[in-house]
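Accompanying notes for the structure given below.
Remember, predicted model here, so these are calculated numbers, not experimental data. In each ligand, atom 1 is the first atom listed, and ligand 1 is the first ligand listed. Values below: all heavy atoms of this structure, side chains included; hydrogens, waters and symmetry mates excluded.
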Amino acid sequence: MFSEKDFISKPFSTIIEEGNFQWSAPSNIALVKYWGKKENQIPANPSISFTLNHCKTITKLAFAKKQNDNNFSFDLLFEGKTKDDFKPKIQKFLERIEIYCPYLKDYHFTIDTENTFPHSSGIASSASGMAALAMNIMSLEKALSRNFGTEMTDHFFNQKASFLARLGSGSACRSIKGSVVVWGNHAEVNGSSDLFGVEFSSKIHDNFKNYQDTILLVDKGEKQVSSTVGHDLMHNHPFAEQRFAQAHENLSAIKKVLENGDLTEFIKIVESEALTLHAMMMTSIPYFILMKPNTLEIINKIWKFRNETNIPICFTLDAGANVHILYPENVRVDVMQFITTELVGYCQNGNYICDAIGTGAIKFI
Ligand code: PMV
């Protein structure tokens, strides 16, 4: 069993003066949702997600040696322009991971980041953003440890990157490696951990190969409830214990489904998880309704289309109003026809994003 201590790096005698790395990391969409956490970003229940392919953050990390004056030093650029309002989040992230990466104060960093999806799309970029930054930091650590005479394995690289990303934004730990990723201890998932995401190790049925996710942008505004506030709502929530137990059961069930390809069962679990997530928000104190009228219109249209055509499409939701439509690749033409004729009218400015299952972070430099 891994413990936090296993991720504390050696103090390196830093002899790399400067350099840069660049990674992209994708967003992910949870099938069984993470909602509720304990101290130190430990999830209250296990979750499982599909990694996306097109919705990504691309981050370049340039580093130059500085005097270790016991301060973090970094500039932050978003789409080429200074973006100081993102800085507190990064500062907090660096503070959280410092114990595991003691070399961070030896460098001045320039973090240059951009997303492949529109900034104001209501799609959270924290998962892809924190994952891309964590990969870059691990590239630096790998270079430092090589200098020190130790060759880091890819397995450890990815595991620690996921561990670090989790400390930035919980679900970011599922955006490192693999098409399907489990995060959180679960009795039936070998190697699963509360500390990092692990690639789902069973063979995934061909029905899920290149599974599609079309994201309907219903509300592109700022999130009404930040995920920090959201997770906190699960403390003293009247249904918390039942919900956490249900997530364990749903993960067992979806594990079987991913292996046997039963799309009817897949739809039941995924839609129930999405509605349960929103039910938790509606039944907490304070309570929130994050769906918009158009979210409900879309859900009803999806149900009608599925009943009439038997095409196995379903929806899932994040902590917001946008709708992810999930479906197998072989029904893409019919589903896109349905989306463009019947659903686009419910999207803000007619906007939607076509995505599909991806494989994880990619190194450029
Ligand atoms: O990673 P966070 O703290 O932004 O939380 C994400 C929570 C959900 O997106 C609603 C569910 C999930 O498992 O991704």
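- Annotation for ligand 1: atoms under 4.0 Å from non-hydrogen atoms of Gly170 are 1 (O).
- Within ligand 1, counting atoms from 1 as listed, the ones closer than 4.0 Å to a heavy atom of Ser227 are 2 (P), 3 (O), 4 (O), 5 (O).
- The distance criterion of under 3.5 Å between nitrogen or oxygen atoms is not met by Ser47 with respect to ligand 1.
- Which parts of ligand 1 touch Asp318 is read off a 4.0 Å heavy-atom cut-off, strictly below it: atoms 9 (O).
- Taking the six-membered ring for Trp and thresholds of 30 and 60 degrees, Trp35 and His231 have ring planes inclined between 30 and 60 degrees apart.
- Judged by a 6.0 Å distance limit and a 45° cone about the ring axis, Lys105 is positioned over the six-membered ring of Phe72.
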inquiry  = I'd like to know whether Lys142 forms a salt bridge (charged side-chain N to carboxylate O under 4.0 Å, His left out) with Asp154, so could you lay out the CA-CA distance, the side-chain angles of the two residues, the decisive distance to 0.1 Å, and finally the verdict.
reply    = CA-CA 10 Å; Lys142 185 175 175 164; Asp154 288 350; 3.8 Å; yes
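- Residue Phe163 forms a ring-ring contact (aromatic ring centres under 6.0 Å, His included) with just one option from Trp183, Phe196, Phe156, Tyr100, and that option is Tyr100.
- Between Phe266 and Tyr211, the ring planes lie perpendicular to each other; the angle is over 60°, past the 30° to 60° tilted range.
- Close N/O approach between Tyr34 and ligand 1 is found [any backbone or side-chain N/O within under 3.5 Å].
- Taking every heavy atom of His231 and a limit of under 4.0 angstrom, the matching atoms of ligand 1 come to 2 (P), 3 (O), 5 (O).
- Note that Lys89 lies outside the cation-pi zone of Phe86, set by a 6.0 Å cut-off to the ring centre and a 45° limit from the axis.
- Each of Lys177, Glu141, Met135 was scored for a side chain to side chain contact (heavy atoms under 4.5 Å, CB included) with Phe157, with one residue passing: Met135.
- A cation-pi arrangement is absent between Lys66 and Tyr107, since the terminal nitrogen or guanidinium carbon is not both under 6.0 Å from the aromatic centre and inside a 45° cone about the axis.
- Judged by the shortest distance from any of its heavy atoms, Ser169 lies inside the 4.0 Å radius around the atoms of ligand 1.
- The shortest N/O to N/O separation between Lys33 and ligand 1 does not fall below 3.5 Å.
- Of the polar atoms of Arg174, at least one N or O is found under 3.5 Å from an N or O of ligand 1, judged by distance alone.
- Close approach to Ser171 involves these atoms of ligand 1, each under 4.0 Å from a residue heavy atom: 1 (O), 2 (P), 6 (C), 14 (O).
- Residue Ala30 has at least one heavy-atom neighbour below 4.0 Å for each of these atoms of ligand 1: 12 (C), 13 (O), 14 (O).
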